[in-house]
Amino acid sequence: MTERSFVAIKPDGVERKLTGEIIKRIEQKGFKMVAMKFIKPSQELAEEHYGEHKEKPFYKGLVEFITSGPVVAMVWEGKDVIATIRKMVGVTDPLKSDPGTIRGDFGISIGRNIIHASDKLESAKKEISLWFSQDELVEYTPTLDKWIY
Ligand code: RTP
Ligand code: MG
């Protein structure tokens, strides 16, 4: 199914200059970029984004970290993009992520795992509307072959 996913390169990924590498991987997979911005998230945005983890012991540190520096926030579109990008990202703990995944190739620490990606359709919709206004989602049709998104 064609759908959209919210992806964010976290402050550690930006600081380690992995932005180009990560965008390259998602582009080369074949997905279509719909939106992108470089921002230092506010406290409110971060708290809302990770709201599902409010009661967890790592919540405060997680919000502190995600607001500590700039992130690259993006929306990507394509067939099964949500599950596919999660697969490309790896599991939450980089040490348990397979080589070939973003966290498996570049991460060590669960609290510094480089990238966020929506885990299901419902979260993707919520996250896209939280991070982007409607007019920041760019409508366009690629003019290349039909099989390229
Ligand atoms: P994300 O939401 O950031 O894409 O990561 P995720 O789905 O793989 O993991 P999730 O369970 O949603 O957790 C959100 C972030 O919280 C940090 N975390 N720390 N046990 C811990 O110390 C712990 N568990 C989770 C991670 O940075 C994780 O990405
Ligand atoms: Mg998550």
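Ligands are counted one by one from 1 in listed order, and the atoms in each one are counted from 1 as well. All values derive from a computational prediction rather than experimental measurement.
Proximity of His53 to ligand 1, defined as any heavy-atom pair under 4.0 Å, is confined to the side chain (atoms from C-beta onward). The side chain of Lys10, and not its backbone, has at least one atom closer than 4.0 Å to an atom of ligand 1 (non-hydrogen atoms only; side chain from C-beta on). Proximity of Glu127 to ligand 1, defined as any heavy-atom pair under 4.0 Å, is not found for any part of the residue. Of the heavy atoms in Pro57, none comes closer than 4.0 Å to ligand 1. Contact annotation for Thr92 and ligand 1: heavy atoms of both the backbone and the side chain come within less than 4.0 Å of the ligand. Contact annotation: for Leu62 versus ligand 1, heavy atoms closer than 4.0 Å belong to the side chain alone. With a 4.0 Å cut-off on non-hydrogen atoms, His49 does not touch ligand 1 at all.
For atom 7 (O) of ligand 1, the closest heavy atom belonging to the protein is Arg86 NH1, 2.9 Å. Nearest protein heavy-atom contact of atom 21 (C) of ligand 1 is Phe58 CD2, 3.6 Å. The protein atom (non-hydrogen) at minimum distance from atom 5 (O) of ligand 1 is Arg103 NH2, 3.3 Å. From the protein, the heavy atom lying nearest to atom 3 (O) of ligand 1 is Tyr50 OH, 2.6 Å.
When all heavy atoms of Ser97 and Thr101 are compared, the closest pair comes out as CB-OG1, 3.5 Å. Summarising the geometry of Phe31 relative to Lys79, their closest heavy-atom pair is CE2-O, 3.6 Å, with the distance given to 0.1 Å.
Looking at ligand 1, you won't find any N or O of Val91 less than 3.5 Å from one of its N or O atoms.
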List the steps and the verdict of side chain to side chain contact (heavy atoms under 4.5 Å, CB included) for Trp76 and Met33.
CA-CA 5 Å; Trp76 289 89; Met33 184 185 283; 3.6 Å; yes

Step by step, work out the side chain to side chain contact (heavy atoms under 4.5 Å, CB included) result for His116 and Ile9.
CA-CA 6 Å; His116 162 82; Ile9 304 171; over 6 Å; no

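Atoms of ligand 1 found under 4.0 Å from any heavy atom of Ala117, numbered from 1 in the order shown, are 4 (O). Near Asn113, with a cut-off below 4.0 Å to any heavy atom, the atoms of ligand 1 are 26 (C), 27 (O), 28 (C), 29 (O). Ligand-side atoms of ligand 1 in range of His116: 1 (P), 2 (O), 3 (O), 4 (O), range being under 4.0 angstrom from any heavy atom.
Ring-plane geometry between Trp131 and His49 is classed as perpendicular, the angle between the planes exceeding 60 degrees on a 0 to 90 degree scale with a lower cut at 30.
Between Lys126 and Glu122 there is no salt bridge, since no side-chain N of the basic residue sits under 4.0 Å from a carboxylate O of the acidic one. Taking the charged nitrogens against the carboxylate oxygens, Arg25 and Asp105 do have a contact shorter than 4.0 Å, which makes a salt bridge.
The nearest non-hydrogen atom to atom 22 (O) of ligand 1, considering only Ile114, Ile110, Asp93, comes from Ile110.
For the pair Lys32 and Tyr140, the cation-pi test (distance below 6.0 Å, angle within 45°) is passed.
Screening Val14, Leu18, Val89 against Ile114 for a side-chain contact (heavy atoms from CB on, under 4.5 Å) leaves a single residue, Leu18.
Sorted pairs that involve residues 7-19 and meet salt bridge (charged side-chain N to carboxylate O under 4.0 Å, His left out), not counting sequence neighbours, are lacking altogether.
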